[in-house]
Amino acid sequence: MDQPTVTREKIVQGLRRLGLEGGEAVMVHSSLSRFGHVDGGAEAVIDALREAVSPGGTVVMSALTVTPAFVAAHVRAARQGRIDREHPVFDVAETPTWAGRIPETFRRQPDVIRSWHPSHSVAAAGPLAVELVADHHTSAACGRGSPYERIAQRDDGRILLLGVGHEASTAMHGFEQLAGLPYVEHPEVCRIPIRTPEGGTLAETRLHVFHVQRELGRLEGRYISAAAETVTRIGAAPVRLCRARMLRDITLKALEQDPWALVTPRGRRTWQQMQATGNVLDPAARSIPR
Ligand SMILES: CC(C)(COP(=O)(O)OP(=O)(O)OC[C@H]1O[C@@H](n2cnc3c(N)ncnc32)[C@H](O)[C@@H]1OP(=O)(O)O)[C@@H](O)C(=O)NCCC(=O)NCCS
């Protein structure tokens with residue numbers, strides 16, 4: 001089937017249709033290929049985002065680097081009261097993100113700053129960039145004190161999902177963390193060497209538990225009926241624009257009623273097994289039968 005061709009102008013029109021007016025602080029997650037063919041590639045999408053939040057808006061993207069091996073190494077070290085210096089050090093300027101072509105292109109642009117969190121950094125450009133990224137390396141990965149939470153505290157905070165669903169939205173894990181759910185973070189505070197534009201230092205943070213399977217789109221019907229989320233299509237991509245604060249409130253309420261609201265039955269069994277065996281770091285936990 002022929003792929004639609006999408007231009008920067010079409011993306012701006014789509015984002016305006018969704019309700020971006022300019023001035024918002026927007027956390028973006030994306031899939032470039034879902035659009036079809038984008039004329040100008042990742043740069044064109046970024047240009048469109050910058051235009052859609054103008055004047056006065058801030059574009060933020062998850063620039064994640066977290067891997068199970070990274071988490072296991074640093075949590076083990078924290079348990080033993082030491083610092084892991086063998087694992088590759090997170091370098092704020094150099095370490096690429098695995099979160100996609102669009103954030104990887106964005107984080108390298110000259111006016112973009114990146115937070116210093118060694119697993120869940122964000123890249124940001126715009127008037128709120130400095131305020132949003134500040135001290136991320138000493139806060140929660142995506143919960144309390146993180147840029148993800150800061151966006152959800154703002155009336156103008158938005159989450160924009162370009163061709164991806166809520167399963168790709170880091171803020172959802174932040175909401176789980178704010179709800180105090182035990183399956184989200186390892187309890188140990190890890191001291192992690194990082195390289196920053198100001199020199200080497202230590203991050204002090206908790207890292208996320210892997211392997212607990214989620215279904216993060218489960219509450220989407222509630223978001224849409226509360227007018228917290230609007231959906232359109234740009235090219236071949238489904239695009240969702242969400243009011244971050246409303247999403248947080250709806251999600252926290254749902255998690256208060258049912259702490260397993262975002263976890264699949266399999267994920268719940270995995271977590272219970274991890275608790276029973278004390279084997280929270282072992283990737284073999286993934287092989288627990290359905
Ligand atoms: C994983 C993920 C990035 C994969 O999406 P994707 O569209 O396959 O990959 P990217 O966004 O990196 O875009 C690159 C792909 O776009 C395609 N592409 C290249 N140029 C293109 C263009 N001009 N127009 C359209 N597509 C193009 C190619 O297929 C390319 O893949 P390749 O590098 O292997 O050739 C996406 O599904 C996702 O999950 N994004 C969100 C990640 C995230 O923030 N997660 C948070 C978890 S808490």
Side-chain angles (χ1 to χ4, degrees), residues 1-11 14 26-49 59-68 70-71 95-108 112 114-115 117-124 136 140-143 146-149 151-152 158-178 181 183-185 205-218 233-242 244 247-248 251 262-263 267:
M1 208 171 67
D2 278 351
Q3 292 276 49
T5 293
V6 175
T7 58
R8 167 195 159 136
E9 291 72 26
K10 269 196 192 162
I11 298 173
V26 186
M27 174 68 71
V28 185
H29 298 269
S30 57
S31 159
L32 179 59
S33 64
R34 280 303 303 274
F35 283 106
H37 174 74
V38 180
D39 214 356
E43 284 87 355
V45 179
I46 295 164
D47 289 350
L49 289 166
V59 177
V60 189
M61 297 195 195
S62 239
L64 303 172
T65 50
V66 66
T67 63
F70 179 88
V71 171
T95 307
T97 173
W98 53 251
R101 180 85 60 90
I102 296 170
E104 178 56 15
T105 305
F106 179 63
R107 77 161 189 91
R108 296 156 76 105
V112 173
R114 189 183 198 180
S115 67
H117 198 280
S119 65
H120 282 67
S121 70
V122 302
H136 193 187
C142 48
S146 70
Y148 303 91
E149 193 206 20
I151 286 180
R158 301 286 183 271
I159 297 167
L160 177 64
L161 304 173
L162 297 172
V164 292
H166 291 279
E167 70 283 354
S169 176
T170 311
M172 294 298 296
H173 298 301
F175 302 152
E176 292 179 311
Q177 196 263 343
L178 292 177
L181 299 174
Y183 61 78
V184 184
E185 297 183 325
T205 188
R206 293 192 171 88
L207 295 174
H208 273 215
V209 173
F210 270 88
H211 315 308
V212 177
Q213 189 185 60
R214 315 286 215 284
E215 198 180 329
L216 297 175
R218 271 194 192 159
R233 191 163 282 275
I234 302 179
V239 177
R240 301 164 163 90
L241 180 69
C242 309
L247 234 60
R248 180 198 64 186
T251 308
L262 298 174
V263 178

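In this chain, residues are counted from 1 in sequence order. Every number for a ligand or one of its atoms is a count from 1 in the order of the listing.
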Problem - pair R214-E176: side-chain heavy atoms closer than 4.5 Å - result: yes
Exercise for the section: For T95 and T65, test the side chains for any donor-to-acceptor distance below 3.5 angstrom and give the result as yes or no. Expected result: no
Handout entry: Results of side-chain contact (heavy atoms from CB on, under 4.5 Å) for A141 - residues two or more places apart only
Key = H117, S119, H120, H208
Exercise for the section: Evaluate the side chain to side chain contact (heavy atoms under 4.5 Å, CB included) criterion for residues M61 and T97: first the C-alpha distance (whole Å), next the side-chain angles of each, then the deciding distance (0.1 Å), finally the verdict. Expected result: CA-CA 10 Å; M61 297 195 195; T97 173; over 6 Å; no
Handout entry: Evaluation steps, side chain to side chain contact (heavy atoms under 4.5 Å, CB included), between V45 and V28
Key = CA-CA 11 Å; V45 179; V28 185; over 6 Å; no
Handout entry: First-shell residues of ligand 1 [heavy atom, distance under 4.0 Å]
Key = H29, S30, S31, L32, S33, G36, H37, V38, G41, L64, A99, G100, R101, V164, A168, T170, H173
Handout entry: Beyond-backbone contact of I159 with R240, side-chain heavy atoms, under 4.5 angstrom
Key = no
